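Hydrogens, waters and symmetry mates play no part in the numbers below; they use all other heavy atoms, side chains included. Small disclaimer: the values here were computed from a predicted structure and weren't measured. Indexing begins at 1, ligand by ligand and atom by atom, following the structure's order.
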Amino acid sequence: MVLWGVFVLGMESVIERVLITEEEILARLDVVAAEVMAELGDAEELVVVALLKGALVFVADMSRRMPVPLVMECVNVASYHGGLESSGEVKFLDAGMPDVRGKKVVVMDDILDTGLTMHAVLRELMEAGAERVWSCVLLSKRKERAVECEADWVCFEIDDEFVVGYGLDFEGRYRNLPYVGVLRIKN
Ligand code: PRP
């Protein structure tokens with residue numbers, strides 16, 4: 001058993017409060033994965049695309065709730081570059097897209113914020129020849145998007161606060177917290 005309370009105290013309480021517990025996340029994933037399977041479970045070739053790095057934990061747990069022979073791919077993309085706000089520029093860090101020609105694709109990400117990342121990835125995958133692309137996110141911020149983009153499946157809607165844990169980071173850290181928490185912003 002890992003002592004996460006001690007970890008957080010040791011980090012001088014970087015977490016202002018826990019927003020979504022591990023138990024709440026996993027229970028919701030059971031429901032959403034079943035919804036994805038109801039829609040796509042009979043797809044001949046289903047590709048799950050994880051957007052690195054934030055989607056790592058989410059995809060690990062979601063994909064294990066999808067009992068079909070899906071293919072897992074990753075796209076390495078970044079827009080925050082470590083800070084508290086989106087830079088507005090979506091950078092694809094790998095050359096090329098995975099082979100999705102003629103396939104049904106579900107893009108999974110940790111959070112939909114401005115929408116710029118998901119919008120850019122969906123466009124690239126369609127341009128790469130996917131038959132159809134869906135999007136599934138752990139979190140969706142209730143806010144106006146910079147582009148028109150909403151996810152097909154949202155596990156949790158949250159207010160516009162900076163959150164970390166369960167894949168989400170601040171300056172590269174805290175992705176391994178098992179829950180989603182609000183980051184304590186120091187002035
Ligand atoms: C974060 C997050 C999403 C994206 C959402 O990625 O993981 O991919 O930003 O923001 P948006 O809707 O405003 O585009 P980040 O660039 O921080 O990279 P990371 O996944 O490696 O943390």
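- For atom 20 (O) of ligand 1, the nearest non-hydrogen atom from the set Ser79, Gly54, Gly167 comes from Gly54.
- Screening Val105, Val107, Val49 for a side chain to side chain contact (heavy atoms under 4.5 Å, CB included) with Leu122, the sole residue that qualifies is Val107.
- The pair Arg17-Glu161 meets the salt-bridge criterion, with a side-chain N (NZ, NE, NH1 or NH2) lying under 4.0 Å from an Asp/Glu carboxylate O.
- Interface of Thr114 with ligand 1, defined as ligand atoms under 4.0 Å from a residue heavy atom, comprises 11 (P), 12 (O), 13 (O), 14 (O).
- The side chain of Asp109, and not its backbone, has at least one atom closer than 4.0 Å to an atom of ligand 1 (non-hydrogen atoms only; side chain from C-beta on).
- Only the backbone of Leu52 comes within contact range of ligand 1, with a heavy atom under 4.0 Å; no side-chain atom does.
- The closest approach between a heavy atom of Arg175 and any atom of ligand 1 is below 4.0 Å.
- Within a 6.0 Å radius of CD in Glu127, more than 12 heavy atoms belonging to other residues, nucleotides or ligands are found.
- Geometrically, ligand 1 and Gly115 share a nitrogen or oxygen pair separated by less than 3.5 Å.
- Between Asp159 and Arg142 there is a salt bridge, with a side-chain nitrogen of the basic residue lying less than 4.0 Å from a carboxylate oxygen of the acidic one.
- Between Cys136 and the choices Leu112, Val154, Asp109, Val32, the side chain to side chain contact (heavy atoms under 4.5 Å, CB included) rule is met once, by Val32.
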